[in-house]
Asks: 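Before anything else, here's the structure in question.
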Amino acid sequence: MGTEAGRDVASTVTNSARKELLRVFKRTTDPVLTAPEVAEELDITQQAAHKKLQAAHKEGEIRRKKVGASAVVWWTDESCPDYVSDSA
């Protein structure tokens, strides 16, 4: 039973964090964001922002595109409705 309660708490935290991440995309006027921009908005490290972005991408909530040797941009269908291609 303790394990189930732990999962419920973890799930709630994850859902809360995911909602917070999606709000960042709703608040911006930019069609795409980078992990450093998300990190700044959420006041977290770039590494933590990247993990949140990767998790949301895995769940299909946001899209991504590699635009340089190590640069990736992220967006939601709502923030950038005209671009629907999705590259890993």
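All residue numbers refer to positions in the sequence shown, counting from 1.
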Asks: With rounding to the nearest 0.5 angstrom, report the NE2 to OG1 distance, His50 to Thr45.
Replies: 11.0 Å
Asks: Taking the six-membered ring of Trp75, is NZ or CZ of Arg63 closer than 6.0 Å to its centre and within 45° of its axis?
Replies: no
Asks: If I take atom CG from residue Leu33 and atom CD from residue Glu40, how far apart are they, to the nearest 0.5 angstrom?
Replies: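 Here the interatomic distance stands at 11.0 Å.
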Asks: Okay, side chain of Glu37, backbone of Thr34: is any donor-acceptor separation there less than 3.5 Å?
Replies: yes
Asks: Looking at CG of Leu53 and CZ of Arg64, how far apart are the two atoms once the value is rounded to the nearest 0.5 Å?
Replies: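 That separation rounds to 9.5 Å.
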Asks: Does the pair Phe25 and Glu78 meet the rule for a side chain to side chain contact (heavy atoms under 4.5 Å, CB included), with working shown?
Replies: CA-CA 9 Å; Phe25 285 92; Glu78 186 178 310; over 6 Å; no
Asks: The criterion is salt bridge (charged side-chain N to carboxylate O under 4.0 Å, His left out); which residues satisfy it with Glu41, sequence neighbours excluded?
Replies: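 Glu41: salt bridge (charged side-chain N to carboxylate O under 4.0 Å, His left out) contacts with Arg27.
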Asks: Might you point out which heavy atoms bring Gln46 and Ala35 nearest each other, and give the distance in Å?
Replies: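 Looking at all heavy atoms of both residues, the closest pair is O-CB, 4.4 Å.
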Asks: Measuring from Lys26:NZ to Arg23:CZ, what's the distance to the nearest 0.5 Å?
Replies: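 Lys26 atom NZ to Arg23 atom CZ measures 8.5 Å (nearest 0.5 Å).
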Asks: What is the distance from atom NZ of Lys52 to atom CD1 of Ile62, rounded to the nearest 0.5 Å?
Replies: 11.5 Å
